[in-house]
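Taking it in order: structure first as structure tokens, then the write-up.
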Amino acid sequence: MKTEEVLADLRLRFPNEPEYHQAVEEVLSSIEDVCNERPEYERLGLIERLCIPDRIFAFRVSWIDDKGRVRSNMGYRVQHSNAIGPYKGGIRFHASVNLSILKFLAFEQTFKNSLTTLAMGGAKGGSDFSPRGKSNMEIMRFCQAFVAELWRQLGADTDVPAGDIGVGAREVGYMYGYYKKMAREFTGAFTGKGISFGGSLMRPEATGYGNCYFLLNMLATRGIDIKGKRVAISGAGNVANYTAKKLLELGAKVVSMSDSGGSIIAPEGLTQEQFEYIFDLKTYEGGRLSEVPERYPELQYHSGQRPWKLVQCDIAMPSATQNELDESDAEALLAGGCFAVSEGANMPSTPGAVHRFIDARILYAPGKAANAGGVATSGLEMAQNSQKLSWTAEEVDAKLQGIMADIHAKCVQYGRVDDSFVNYVRGANIAGFIKVADAMMAQGVL
Ligand code: NDP
Ligand code: 2IT
């Protein structure tokens with residue numbers, strides 16, 4: 001089948017999975033030319049095999065809440081591809097989780113992991129369990145019930161989960177603890193672990209910092225200095241917070257952050273003190289951004305709104321969730337003079353928004369390139385675990401910077417359109433694809 005036939009076939013066979021179709025369509029439209037040059041791909045059904053996950057586990061997770069009631073959620077793990085390394089990718093706990101979302105994330109992860117230059121396949125898992133408002137003990141019991149179902153499918157050389165939305169160090173700790181008890185071995189079967197039991201320094205920071213490093217590489221191609229630039233961020237979780245932290249360190253102005261309730265706008269940029277307050281509120285206290293103006297009345301809170309139309313910015317770094325920046329947001333950003341978008345979240349821009357950015361020839365980095373620093377540092381955690389040693393924060397940070405520069409260089413190599421424009425979407429998709437496709441060709445029909 002040709003690429004457009006594969007897509008049509010997937011839509012028919014897997015209806016009602018819009019996010020999965022969206023992610024596949026974006027990649028297939030970039031690699032069409034490469035596929036046309038290699039007719040053997042079609043003969044061997046390579047594209048179809050690359051788009052459909054190797055396997056999917058779906059299971060019920062029953063657990064007991066603090067009132068003694070039995071609650072049931074769905075749990076999933078999508079093992080997309082292990083062509084170039086063990087399955088690898090995060091776990092998401094959020095009420096919106098369904099198979100379409102996890103299939104899109106596992107598909108994206110396969111190309112992202114390929115781009116990191118490390119040996120990792122692609123996977124994603126999660127549950128429609130929402131950690132919000134749950135006690136520590138409820139979260140622990142849920143994590144244990146989730147891993148009780150999944151642990152046989154995991155392992156340091158088999159499938160290595162990590163965090164994502166709703167899953168941070170606490171949840172990884174509970175899941176890894178239970179995995180270790182069931183498997184009776186202490187290996188790097190999860191990443192994002194605590195430092196005292198095999199976690200890597202810099203893993204919490206890595207996605208946000210990595211996105212900033214990617215942005216710096218992009219800006220350098222046009223000779224632009226980050227100092228004083230106005231950056232709109234969405235989200236106020238792991239990725240958004242460490243993006244903001246690094247940006248402040250680099251002398252940029254963070255003019256917005258958001259959570260699922262609304263956006264905080266700082267027309268002159270957040271001060272270090274205001275940022276630290278937000279960081280602690282969202283990271284340790286389970287707080288809402290709606291509480292921020294009580295402490296800092298000069299910051300505006302806009303309930304139920306995303307930041308993109310609320311404040312002028314030079315650079316946008318969407319870092320909350322998929323499809324959170326649509327075509328009208330893109331138009332507003334461009335009209336305000338935004339010249340760079342670097343995605344911390346996975347697929348935060350809708351296809352219409354992506355077209356706008358590319359048509360306007362701004363610096364636009366898709367998540368699979370810009371946010372790859374998180375999983376790359378997970379790969380570094382796996383390397384440290386298997387050597388049974390740990391590197392300093394400086395060593396990990398230097399490797400992260402090197403990896404982001406390499407990913408940027410690959411995007412430029414495969415995505416250069418002319419002297420003044422690089423299509424980073426095309427570059428990332430082709431570079432990620434070639435390595436996985438070569439491995440699949442060499443390994444026979446599996
Ligand atoms: P967190 O759970 O730490 O934070 C998520 C943030 O986004 C929160 O502020 C949350 O708001 C907000 N958010 C989540 N879902 C929605 C929604 N449906 N609508 C509006 N706001 C929402 O997750 P991360 O920071 O880890 O992940 C953010 C994004 O980055 C995701 O797309 C993830 O896939 C991606 N990513 C994460 C990596 C990692 O290492 N953690 C690596 C690469 C990509 P609230 O506080 O109200 O819940
Ligand atoms: O989307 C992602 O890359 C992640 N959530 C991180 C995955 C990982 O295995 O570190």
For Ser29 and Arg426, run side-chain hydrogen bond (donor to acceptor under 3.5 Å, both in side chains): C-alpha distance rounded to whole Å, both residues' side-chain angles, the deciding distance at 0.1 Å, then the answer. CA-CA 9 Å; Ser29 62; Arg426 192 177 148 79; over 6 Å; no
Measuring from Thr116:OG1 to Leu380:CG, what's the distance to the nearest 0.5 Å? 8.5 Å
State which residue, out of Asp54, Leu154, Val160, fulfils the side-chain contact (heavy atoms from CB on, under 4.5 Å) condition with Tyr87. Asp54
Under a 4.5 Å cut-off applied to non-hydrogen side-chain atoms, are Leu325 and Thr350 in contact? no
Less than 4.5 Å apart, side chain to side chain, heavy atoms only: is that true for Asn385 and Lys193? yes
Donor-acceptor check, side chain of Ser127 to backbone of Gly75, threshold 3.5 angstrom: yes or no? no
Spacing of Asn16 atom CG and Arg11 atom CZ [to the nearest 0.5 Å]: 12.5 Å
Exercise: do Gln153 and Thr158 side chains pair donor with acceptor under 3.5 Å: no
Asp128 side chain to Asn73 side chain, donor-acceptor N/O pair below 3.5 angstrom: yes
Is it the case that over 12 heavy atoms from other parts of the model lie below 6.0 angstrom from the CG atom of Asp157? no
Here the ring-ring contact (aromatic ring centres under 6.0 Å, His included) pairs for residues 315-358, sequence neighbours left out, are Phe357-Tyr364
For the rings on Phe146 and Phe129, is their centre-to-centre separation under 6.0 Å? no
Where does the angle between the aromatic ring planes of Tyr176 and Phe197 fall among parallel (under 30°), tilted (30 to 60°) and perpendicular (over 60°)? parallel
Answer with yes or no whether the side chains of Ser263 and Ser258 bring together a donor and an acceptor at under 3.5 Å. no
What distance do Tyr178 atom OH and Leu150 atom CG have between them, rounded to the nearest 0.5 Å? 13.0 Å
Please determine whether ring-ring contact (aromatic ring centres under 6.0 Å, His included) holds for the pair Tyr242 and Phe279, giving the CA-CA distance in whole Å, both sets of side-chain angles, and the decisive distance to 0.1 Å. CA-CA 9 Å; Tyr242 284 106; Phe279 183 100; 5.4 Å; yes
Are any side-chain N or O atoms of His80 and backbone N or O atoms of Leu50, one a donor and one an acceptor, separated by less than 3.5 Å? yes
Ring-ring centroid check Phe433 Tyr41, cutoff 6.0 Å: yes
Should the pair Glu185-Lys180 be classified as a salt bridge under the 4.0 Å nitrogen-to-oxygen rule? no
Working for side-chain contact (heavy atoms from CB on, under 4.5 Å), residues Ile358 and Asn423: CA-CA 7 Å; Ile358 291 176; Asn423 182 334; 3.8 Å; yes
Without swapping roles, check the side chain of Glu48 against the backbone of Gly45 for a donor-acceptor pair under 3.5 Å. no
Between Gln109 and Lys124 (side chain of the first, backbone of the second, donor and acceptor by atom type, cut-off under 3.5 Å), is there such a pair? no
Could you point out which residue of Asn113, Asp159, Thr191 forms a side-chain hydrogen bond (donor to acceptor under 3.5 Å, both in side chains) with Lys88? Thr191
Going by heavy atoms in the side chains, are Ile430 and Lys410 under 4.5 Å from each other? no
Tyr174/Phe142 aromatic ring centres below 6.0 Å: no
Does either side chain, that of Gln384 or that of Ser200, offer a donor lying less than 3.5 Å from an acceptor on the other one? yes
Take Val425 and Ser30, measure what side-chain contact (heavy atoms from CB on, under 4.5 Å) needs, and give me the verdict at the end. CA-CA 8 Å; Val425 175; Ser30 299; 4.1 Å; yes
So Arg356 and Asp329, side-chain contact (heavy atoms from CB on, under 4.5 Å) or not? Walk me through it. CA-CA 10 Å; Arg356 289 278 169 169; Asp329 296 320; over 6 Å; no
Residue pair Lys103 / Phe14, side-chain heavy-atom distance below 4.5 Å: yes
Is there a donor in the side chain of Asn371 and an acceptor in the side chain of Lys112, or the other way round, less than 3.5 Å apart? yes
State, yes or no, whether a side-chain contact exists between Asp314 and Val231 at a heavy-atom distance under 4.5 Å. no
Under a 4.5 Å cut-off applied to non-hydrogen side-chain atoms, are Met317 and Glu343 in contact? no
Backbone N/O of Gly192 and side chain of Glu381: donor-acceptor pair under 3.5 Å: yes
With a 3.5 Å cut-off and no angle check, do the side chains of Ser81 and Arg49 form a donor-acceptor pair? no
Are Lys246 and Glu249 within salt-bridge range, i.e. N to O under 4.0 Å? yes
Exercise: do Ser378 and Arg203 side chains pair donor with acceptor under 3.5 Å: yes
Counting only pairs under 3.5 Å, give me each side-chain donor-acceptor contact of residues 397-409, with atom names and distances, residues two or more places apart or in other chains.
from: Asp397; atom 1: OD1; to: Tyr213; atom 2: OH; distance (Å): 2.8
from: Asp397; atom 1: OD2; to: Tyr213; atom 2: OH; distance (Å): 3.2
from: Asp397; atom 1: OD2; to: Gln401; atom 2: NE2; distance (Å): 3.3
from: His408; atom 1: NE2; to: Tyr424; atom 2: OH; distance (Å): 2.8

Less than 4.0 angstrom from a charged side-chain N to a carboxylate O is my criterion; do Glu42 and Lys2 meet it? yes
Does Arg152, at its CZ atom, have more than 12 non-hydrogen atoms belonging to other residues, nucleotides or ligands within less than 6.0 Å? no
With a 3.5 Å distance limit and no angle check, can you tell me whether Trp308 reaches the backbone of Glu324 through a side-chain donor-acceptor pair? yes
Straight-line distance of Glu17 CD to Leu99 CG, nearest 0.5 Å: 6.0 Å
Rounding to 0.5 Å, atoms SG (Cys338) and CG (Leu333) come to a distance of 5.0 Å
Ion pair present between Arg361 and Asp418, side-chain N to carboxylate O less than 4.0 angstrom? yes
Side chain of Lys229, backbone of Asp225: donor and acceptor closer than 3.5 Å? yes
Check whether any side-chain N or O of Asn238 sits under 3.5 Å from a backbone N or O of Pro204 as a donor-acceptor pair, and report yes or no. yes
Are the side chain of Glu149 and the backbone of Ala145 linked by a donor-acceptor contact shorter than 3.5 Å? no
Any donor and acceptor pair, going by atom type alone, linking the side chain of Asn241 with main-chain N or O of Thr283 inside 3.5 Å? no
Beyond-backbone contact of Phe214 with Leu216, side-chain heavy atoms, under 4.5 angstrom: no
Indicate whether the side chain of Lys368 and that of Asn346 have a donor and an acceptor atom separated by less than 3.5 Å. no
Test side-chain hydrogen bond (donor to acceptor under 3.5 Å, both in side chains) applied to Asn323 and Gln22, step by step: CA-CA 10 Å; Asn323 292 327; Gln22 183 184 332; 2.9 Å; yes
